[in-house]
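Here's the structure we're looking at; comments come further down.
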There are 2 protein chains.
Amino acid sequence: MRRFFHPDASSLDLPRVLHALSDPVRLEMVRRIAAAGELTCGALGEARPKSSMSHHFRTLREAGVIRTRVAGAVHLNALRGDDLEARFPGLLAVVLEKS
Amino acid sequence: MRRFFHPDASSLDLPRVLHALSDPVRLEMVRRIAAAGELTCGALGEARPKSSMSHHFRTLREAGVIRTRVAGAVHLNALRGDDLEARFPGLLAVVLEKS
DNA sequence: ACTGATGTTCGAGAATTTACGAACTATGGA
DNA sequence: TCCATAGTTCGTAAATTCTCGAACATCAGT
């Protein structure tokens with residue numbers, strides 16, 4: 001069973017989180033994950049190669065923006081909404097705002 | 001008289017703004033500008049070469065985070081608080097929060 | 001006009017990030 | 001066990017970004 005690194009809530013770093021969110025592809029991923037609650041990698045990777053998507057998932061995961069859990073053969077990704085809200089109140093609302 | 005490019009409020013781009021804020025040096029610059037209201041470039045550039053600071057000022061300026069006005073021999077930098085708040089409500093509060 | 005102070009621009013090198021194919025791992029089902 | 005599916009990791013090439021020195025421009029004061 002594969003294991004991923006997830007920073008714990010208290011060590012979330014603002015520049016790192018902002019950088020993770022500053023890529024248009026990742027921003028869109030985050031919005032769709034937020035809207036769906038939980039999404040497999042495949043559900044987001046229609047347009048790009050899997051290895052590219054995997055890179056973006058990793059960036060989001062290691063910044064603490066999403067949490068990835070293994071469910072059988074698929075990986076389910078969810079926003080770390082509570083952790084983000086606790087550490088950077090209001091950030092998620094800004095990012096999820098459809099402008 | 002030198003003229004700078006400042007994007008107008010309506011064309012502020014979230015990924016671009018987030019990227020501008022995702023650098024620790026620039027994040028600190030923004031916080032100090034916000035605290036002071038308006039600051040010269042020199043007031044922020046004690047530690048790094050002027051050309052490096054100028055690059056960061058430009059990045060912030062062209063993302064629409066700060067506005068630079070020329071006042072005699074110095075450049076005064078201020079946060080574009082109203083524009084940012086209008087376009088991305090709550091973002092500034094998150095960024096200026098001293099965690 | 002000369003000088004000092006303030007910043008920008010230019011150019012180049014180093015570091016980081018992005019993108020993507022290929023090989024690999026793990027899981028569930030036939 | 002064999003096979004297809006899901007996704008990661010590796011290696012590499014291209015694009016961005018960061019950093020900084022050097023040269024340049026502008027302004028204030030003398």
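The structure displayed is predicted, hence computed values, not measured ones.
- Atom CD of B/E62 and atom P of D/dT17 are 11 Å apart (whole Å).
- If you measure from atom CG of A/L60 to atom P of C/dT18, you get 10 Å, rounded to the nearest angstrom.
- Comparing C/dC20, D/dT19, D/dC18 against the side chain of A/S52 picks out C/dC20 as the nearest.
- Side chains of A/L18 and B/D23 form no contact here, defined as non-hydrogen atoms less than 4.5 Å apart.
- Computed from coordinates, the B/I66 CD1 to C/dG7 C1' distance equals 13 Å when rounded to whole Å.
- Rounded to an integer number of Å, the gap from A/L39 CG to D/dA6 P is 14 Å.
- Between A/R61 and D/dT8 there is a side-chain polar atom (N or O) within less than 4.0 angstrom of OP1 or OP2.
- Straight-line distance from the CZ atom of B/F57 to the P atom of C/dT8: 7 Å, rounded to whole Å.
- Within the nucleic acid shown, B/T40 comes within 4.0 Å of sugar-phosphate atoms alone, with no base atom in reach, counting heavy atoms only.
- A straight line from CZ of B/R69 to P of C/dG7 spans 13 Å, rounded to a whole angstrom.
- Of the listed nucleotides (C/dT8, D/dA28, C/dT9), D/dA28 has the atom at the smallest distance from the side chain of B/A73.
- The side chain of B/S54 lies closest to C/dT8, out of C/dT6, C/dT8, C/dT18.
- Residue A/P49 places its side chain closer to C/dG21 than to any other of C/dT8, D/dT9, C/dG21.
- A distance-only check finds no donor-acceptor pair linking the side chain of B/E62 to the backbone of B/F5 [under 3.5 Å].
- Comparing C/dT9, D/dT19, C/dT18 against the side chain of B/S51 picks out C/dT9 as the nearest.
- What separates CE of A/M53 from C1' of D/dA6 is a distance of 13 Å, to the nearest Å.
- For the pair B/H56 and D/dC18, the criterion of a side-chain N or O lying under 4.0 Å from OP1 or OP2 is not met.
- Between A/D13 and A/R16 no salt bridge is recorded (no basic side-chain N to carboxylate O distance below 4.0 Å).
- Ranking C/dT18, D/dT17, D/dG7 by closeness to the B/H19 side chain, first place goes to D/dT17.
- Proximity note for A/R58 (side chain, C-beta onward) versus C/dT9, D/dG7, D/dT9: the nearest is D/dT9.
- Checking B/R26 against A/T68, the closest nucleotide of DNA chain D that is more toward the 5' end is the one next to A/T68.
- Taking the ring axis of A/F4 as reference, the NZ or CZ atom of A/R61 stays within 45° of it and closer than 6.0 Å to the ring centre.
- Taking side-chain N and O atoms only, B/H55 has a distance below 4.0 Å to OP1 or OP2 of D/dC18.
- A/N77 places a side-chain N or O within donor-acceptor distance of the main-chain N or O of A/L39, the cut-off being under 3.5 Å.
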